[in-house]
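Treat the numbers as computed from the prediction; the structure is a model and nothing was measured. A, B, ... follow the sequence lines: proteins, then strands. Residue 1 opens every chain. Atom set for the values below is all heavy atoms of this structure, side chains included, hydrogens, waters and symmetry mates excluded.
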There are 2 protein chains.
Amino acid sequence: MAERGSYAKGVARREEILTAALDVFSREGYRGTSLREVAKQVGVSLPGLMHYFESKEHLLTAILQKRDEVDGESLPSTGDFLDTLIRIMRHNRDVPGLVQLFITLAAAAEDPAHPAHPFFVDRYAAVLPTLAGSIRDRQDAGTARADLDPEHIARVLVALADGIQIQWALDRSVDMAGDIERLWALFEV
Amino acid sequence: MAERGSYAKGVARREEILTAALDVFSREGYRGTSLREVAKQVGVSLPGLMHYFESKEHLLTAILQKRDEVDGESLPSTGDFLDTLIRIMRHNRDVPGLVQLFITLAAAAEDPAHPAHPFFVDRYAAVLPTLAGSIRDRQDAGTARADLDPEHIARVLVALADGIQIQWALDRSVDMAGDIERLWALFEV
DNA sequence: GTCTATAAAGAGATAGAC
DNA sequence: GTCTATCTCTTTATAGAC
């Protein structure tokens, strides 16, 4: 608050561009698309685009951030994060471009100097304990095997969710959400 | 057989270059390294490199192929592919550059026009049934739960192996092989 | 503060000499 | 079969109009 009008307008424009870019990547996919192409589809010039994002990698990172934000709103959590994870995977079938972008950027983010590095580090740091908590809740409720290590199973489920996206990208008949549900079914008492 | 000397020499040179490139990527990692840089490290000019590989993507694909070939020799299969998978994951700790290259190329290979597309399609088509067979063998031997669907669990284990590499790339304290072993332990009778 | 126009730096890829 | 030289297209940076 107390922001100057022009500043707020700049933020709004950035959000507009980001939403448009998210839409482009969701539909058309990420196939080494050039920034010029993104700018054109978003309806802005290349420098117009770069006024808001310092580099291509920053834009791609911002797109993934925006995606998480949008998913968080449209797929409201029931409090149980394993259910949420499965709903997200079901939703991912509709956004192949974002699936590809996610995997590509996750690989590149290994480099600590990459703009997406903090995003991915923070993301796993948030997701893993939350998922482990849901597993522990199910154990407490008596619906999950007591010999599961919640931290271990959380890491396994997230790795499965990430890895199954690679197989699905190559063969669309793979049922990402279903495979996760079936694995979990093996852990129920 | 009946190959002309110059042809055989060309093949040998290609193998030389490939081995050198594999070594560069294993050690130094794949961080958007330029072909010029690879050529320099391999000891050849850029056109000299491109004489043997039609494009950068073709070279990267050939490197992954070569890696599989080398691993197949140095990590001889015991006949049980789950054991082999775990040994490969243990070995992967020593070649972070190849792990990153694998994930990056797997994401890009979604595009059917990408040179790595057939490689990945064939790879999963070979690995999944082989792993499913090992799981079935263990069920027959009475050491694995009978209610497992071998094809489902094979897909899950491969996805876990792929996905855990992303987490390990971001946090080297993740025990890739150990996490797979611990998951399998939950499926033993 | 925002955008148009433009150019610099570097990548992959190619032509053609030797 | 290998290199020098060059071309095109990408990302990135800057100058200046509105």
query = salt bridge (Lys or Arg N to Asp or Glu O under 4.0 Å) between B/D83 and B/R138: does it pass, once the steps are laid out?
reply = CA-CA 12 Å; B/D83 279 346; B/R138 293 188 183 207; 3.4 Å; yes
query = What do the steps show when you test B/D23 against B/R27 for salt bridge (Lys or Arg N to Asp or Glu O under 4.0 Å), and what is the final call?
reply = CA-CA 6 Å; B/D23 192 50; B/R27 288 196 328 273; 2.5 Å; yes
key: From CA spacing to verdict: salt bridge (Lys or Arg N to Asp or Glu O under 4.0 Å), A/D71, A/R87   = CA-CA 10 Å; A/D71 280 0; A/R87 266 206 300 279; over 6 Å; no
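Per the geometry, CG belonging to A/L49 stands 16 Å off P belonging to C/dA5, to the nearest Å. Atom-to-atom, CG of A/L59 to C1' of D/dT12 comes out at 14 Å; the value is rounded to the nearest Å. In this structure, A/L46 places its CG atom 15 Å from P of C/dA7, rounding to the nearest Å. What separates CD of B/E37 from P of C/dG12 is a distance of 11 Å, to the nearest Å. Between B/K40 atom NZ and C/dA11 atom P there is a gap of 10 Å when expressed in whole angstrom units. In this entry the distance linking CZ of A/F53 with P of C/dT2 reads 13 Å, nearest Å. Per the geometry, CE belonging to A/M50 stands 15 Å off C1' belonging to C/dT4, to the nearest Å. Put simply, CG on B/L35 is 6 Å from P on C/dA13, counting in whole angstrom units.
B/S34 comes within 4.0 angstrom of sugar-phosphate atoms only, judged by non-hydrogen atoms across all strands, and of no base. Backbone-only engagement by B/V44 is indicated by non-hydrogen atom pairs under 4.0 Å involving sugar-phosphate atoms exclusively. Residue contacts for A/Y52: at a heavy-atom cut-off of 4.0 Å it reaches the sugar-phosphate backbone alone, with no base atom in range.
B/D147 has no carboxylate O lying under 4.0 Å from a charged side-chain N of A/R182, or vice versa, which leaves the two without a salt bridge.
Comparing D/dA13, C/dA13, D/dC3 against the side chain of B/P47 picks out D/dC3 as the nearest.
An OP1 or OP2 oxygen of D/dT2 is reached within less than 4.0 angstrom by no side-chain nitrogen or oxygen of B/S45. Neither OP1 nor OP2 of C/dC3 sits under 4.0 Å from any side-chain N or O of A/H51. An OP1 or OP2 oxygen of D/dG1 is reached within less than 4.0 angstrom by no side-chain nitrogen or oxygen of B/R14.
The two residues A/I164 and B/A159 come nearest to each other via the heavy atoms N-CB, 3.5 Å.
Here B/M89 contributes atom CE and B/D175 contributes atom CG; the two are 10.0 Å apart, rounded to the nearest 0.5 Å.
A donor-acceptor pair is defined here as one N or O able to donate and one able to accept, closer than 3.5 Å; such a pair exists between the side chain of B/R93 and the backbone of B/R90.
Contacts of residues 99-116 of chain A with DNA chain C (heavy atom under 4.0 Å): none.
For C/dG12, the base has a donor-acceptor partner in the side chain of B/R36 [N/O atoms by modelled type, under 3.5 angstrom].
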